[in-house]
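Each ligand, and each atom within it, is numbered from 1 in the order the structure gives. Here the structure is a predicted model, which is why all the values come from computation and not from measurement.
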Amino acid sequence: MNIGLTGGIATGKSTVSRLLAERGAAIIDADVIAREIMEPGHPVLAAVSERFGPGVLNTDGTLNRKKLGEIVFSNPEERKALEALTHPAIRAEMKQRMEELEAADPHRLVVADIPLLYESGLDPLYERIMVVYVPREVQLTRLMLRDGLSKEAAEQRINAQMDIEIKKERADILIDNSGGLEETKRQIDDFWRDQGLR
Ligand SMILES: CC(C)(COP(=O)(O)OP(=O)(O)OC[C@H]1O[C@@H](n2cnc3c(N)ncnc32)[C@H](O)[C@@H]1O)[C@@H](O)C(=O)NCCC(=O)NCCS
Ligand SMILES: Nc1ncnc2c1ncn2[C@@H]1O[C@H](COP(=O)(O)OP(=O)(O)OP(=O)(O)O)[C@@H](O)[C@H]1O
């Protein structure tokens, strides 16, 4: 069985995927794969530095994430250009890992954690979609706190994604992460039991 896990930036996807992993689920994380394809020597990083210029690399050849983030989160055209270079590679790797994990144990829950799942039209690939929701004000506060971003920079990142209220409406399984961790854990335990997972 598989689910797609999504939400907005800093709504708590990593927190929920950790709770699911503790119960025995296998997790495939799109953000982790997005980092792997940006390692020095990977053809995607070469294409990114070709398109955005050597200024997006550090002197040791690694990606300057802050610099590239500033470019793409302040300009939708640039963001689309980056996605065109990165998303095909991320998608291919996600698909391969999903197939391997499902073949290894068909009874295990496999969770694909993808921030841009709805934005990229990937929802039909998964049996059900779990959305981790918090209201926008909570999202903004947690994002500023976690990443040390100004209000303006945090809002730019939130605005680069689909409205969290729309994701909430489209969810098959809704996890409200606006309370404390214990409340979220209880929702995950209920989901696990309802699915008859062991
Ligand atoms: C622009 C980059 C270098 C900024 O790096 P940074 O370390 O600051 O952020 P990080 O990668 O940890 O991402 C944090 C969050 O930002 C959001 N985010 C990332 N890329 C995008 C995007 N293209 N559009 C909207 N939101 C995005 C996601 O919610 C993600 O969880 C990086 O996000 C990147 O390489 N993005 C392109 C790949 C991509 O689309 N990743 C999203 C998952 S598929
Ligand atoms: N229930 C909660 N109560 C208080 N703080 C929380 C709760 N859940 C998560 N947080 C905090 O909110 C921040 C965002 O959570 P998390 O990193 O899990 O979000 P995410 O959706 O995975 O983010 P991203 O889209 O950037 O990958 C973190 O600092 C986390 O510690």
Side-chain angles (χ1 to χ4, degrees), residues 4-22 27-39 42 44-45 47-49 51-52 55-58 62-95 97 111-122 125 130-150 153-164 167 175-188:
L5 173 68
T6 193
I9 184 167
T11 62
K13 293 177 300 298
S14 305
T15 304
V16 165
S17 74
R18 186 173 46 75
L19 293 170
L20 290 166
E22 281 169 9
I27 314 291
I28 312 170
D29 186 329
D31 278 341
V32 171
I33 295 172
R35 281 171 189 268
E36 289 171 3
I37 63 169
M38 293 290 206
E39 290 291 329
H42 198 289
V44 172
L45 181 61
V48 166
S49 77
R51 165 65 176 74
F52 292 90
V56 298
L57 297 183
N58 296 309
T62 57
L63 179 65
N64 184 333
R65 308 185 66 84
K66 188 168 181 293
K67 178 90 192 165
L68 185 57
E70 282 164 7
I71 297 172
V72 303
F73 291 116
S74 63
N75 184 334
E77 296 294 318
E78 299 287 70
R79 198 172 70 244
K80 293 278 169 260
L82 177 63
E83 290 172 357
L85 295 174
T86 55
H87 285 187
I90 298 171
R91 260 202 288 276
E93 190 60 34
M94 298 282 299
K95 181 165 181 283
R97 289 190 201 181
V111 178
D113 178 345
I114 313 177
L116 303 179
L117 182 135
Y118 285 123
E119 288 86 339
S120 304
L122 300 179
L125 294 179
M130 178 183 277
V131 171
V132 186
Y133 170 83
V134 298
R136 187 182 162 107
E137 314 82 75
V138 177
Q139 179 183 22
L140 183 64
T141 311
R142 287 185 186 168
L143 177 57
M144 288 168 66
L145 201 68
R146 187 194 62 187
D147 290 352
L149 294 176
S150 68
E155 280 181 331
Q156 273 183 348
R157 289 192 179 218
I158 292 173
N159 292 340
Q161 302 185 346
M162 186 188 284
D163 187 343
I164 188 67
K167 293 184 181 180
I175 303 294
D176 186 327
N177 186 38
S178 51
L181 209 57
E182 277 309 309
E183 268 175 65
T184 299
K185 189 168 180 300
R186 193 151 33 75
Q187 294 171 67
I188 297 301

Could you go through ligand 1 and note, for every N or O atom, any protein N or O atom closer than 3.5 angstrom, writing the atom names and distance to 0.1 Å, or 'none'?
| from | atom 1 | to | atom 2 | distance (Å) |
| --- | --- | --- | --- | --- |
| ligand 1 | 5 (O) | Arg65 | NH2 | 3.4 |
| ligand 1 | 7 (O) | Arg35 | NH2 | 3.2 |
| ligand 1 | 7 (O) | Arg65 | NE | 2.8 |
| ligand 1 | 8 (O) | Arg157 | NH1 | 3.2 |
| ligand 1 | 8 (O) | Arg157 | NH2 | 3.4 |
| ligand 1 | 11 (O) | Arg65 | NH2 | 2.9 |
| ligand 1 | 12 (O) | Arg35 | NH2 | 2.8 |
| ligand 1 | 23 (N) | Glu83 | OE2 | 2.8 |
| ligand 1 | 24 (N) | Glu83 | OE2 | 3.4 |
| ligand 1 | 26 (N) | Gln161 | NE2 | 3.1 |
| ligand 1 | 29 (O) | Gln161 | NE2 | 2.8 |
| ligand 1 | 31 (O) | Asp31 | OD1 | 3.4 |
| ligand 1 | 31 (O) | Asp31 | OD2 | 2.6 |
| ligand 1 | 40 (O) | His87 | NE2 | 2.7 |

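- Under the side chain to side chain donor-acceptor pair (under 3.5 Å) criterion, Asp176 pairs with Ser178, sequence neighbours left out.
- Ion pairing between a basic and an acidic side chain is recognised when a charged N comes within 4.0 Å of a carboxylate O; Arg97 and Glu36 show such pairing.
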Side-chain polar contacts of residues 70-78 - donor-acceptor pairs under 3.5 angstrom, sequence neighbours left out - could you list them?
| from | atom 1 | to | atom 2 | distance (Å) |
| --- | --- | --- | --- | --- |
| Glu70 | OE2 | Lys66 | NZ | 3.0 |
| Ser74 | OG | Glu70 | O | 2.8 |
| Ser74 | OG | Ile71 | O | 3.3 |
| Asn75 | OD1 | Glu77 | N | 2.9 |
| Asn75 | OD1 | Glu78 | N | 3.4 |
| Glu78 | OE1 | Arg51 | NH2 | 2.7 |

Inset, instruction - Let me see the working for Ile28 and Ile33 under side-chain contact (heavy atoms from CB on, under 4.5 Å), right down to the final yes or no. - result: CA-CA 8 Å; Ile28 312 170; Ile33 295 172; 3.9 Å; yes
Inset, instruction - Give the C-alpha distance, both sets of side-chain angles, the deciding distance and a yes or no for side-chain contact (heavy atoms from CB on, under 4.5 Å) between Asn177 and Arg142. - result: CA-CA 11 Å; Asn177 186 38; Arg142 287 185 186 168; 3.4 Å; yes
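- Using a 4.5 Å heavy-atom cutoff, the side chains of Ile37 and Glu93 are not in contact.
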N/O pairs closer than 3.5 Å, ligand 2 and protein:
| from | atom 1 | to | atom 2 | distance (Å) |
| --- | --- | --- | --- | --- |
| ligand 2 | 1 (N) | Asn177 | OD1 | 2.9 |
| ligand 2 | 1 (N) | Gly179 | O | 3.0 |
| ligand 2 | 3 (N) | Arg142 | NH2 | 3.1 |
| ligand 2 | 8 (N) | Asn177 | ND2 | 2.9 |
| ligand 2 | 17 (O) | Arg146 | NH1 | 2.9 |
| ligand 2 | 18 (O) | Ser14 | N | 3.4 |
| ligand 2 | 18 (O) | Thr15 | N | 3.0 |
| ligand 2 | 18 (O) | Thr15 | OG1 | 2.6 |
| ligand 2 | 19 (O) | Gly12 | N | 3.2 |
| ligand 2 | 21 (O) | Thr11 | N | 3.3 |
| ligand 2 | 21 (O) | Gly12 | N | 2.9 |
| ligand 2 | 21 (O) | Lys13 | N | 2.8 |
| ligand 2 | 21 (O) | Lys13 | NZ | 2.8 |
| ligand 2 | 22 (O) | Lys13 | N | 3.4 |
| ligand 2 | 22 (O) | Ser14 | N | 2.7 |
| ligand 2 | 22 (O) | Ser14 | OG | 2.6 |
| ligand 2 | 23 (O) | Ala10 | N | 3.1 |
| ligand 2 | 23 (O) | Arg146 | NH1 | 2.9 |
| ligand 2 | 25 (O) | Ala10 | N | 3.3 |
| ligand 2 | 25 (O) | Lys13 | NZ | 2.7 |
| ligand 2 | 26 (O) | Arg146 | NH1 | 3.1 |
| ligand 2 | 26 (O) | Arg146 | NH2 | 2.7 |
| ligand 2 | 27 (O) | Asp31 | OD2 | 3.4 |

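- Side chain of Thr86 to main chain of Leu82: a donor-acceptor pair is present (N/O by atom type, distance under 3.5 Å, no hydrogens or angles).
- With respect to the salt-bridge test (charged N to carboxylate O, under 4.0 angstrom), the residues Arg186 and Glu182 do not qualify.
- Without hydrogens or angle criteria, Asn64 side chain to Leu57 main chain gives no donor-acceptor distance under 3.5 Å.
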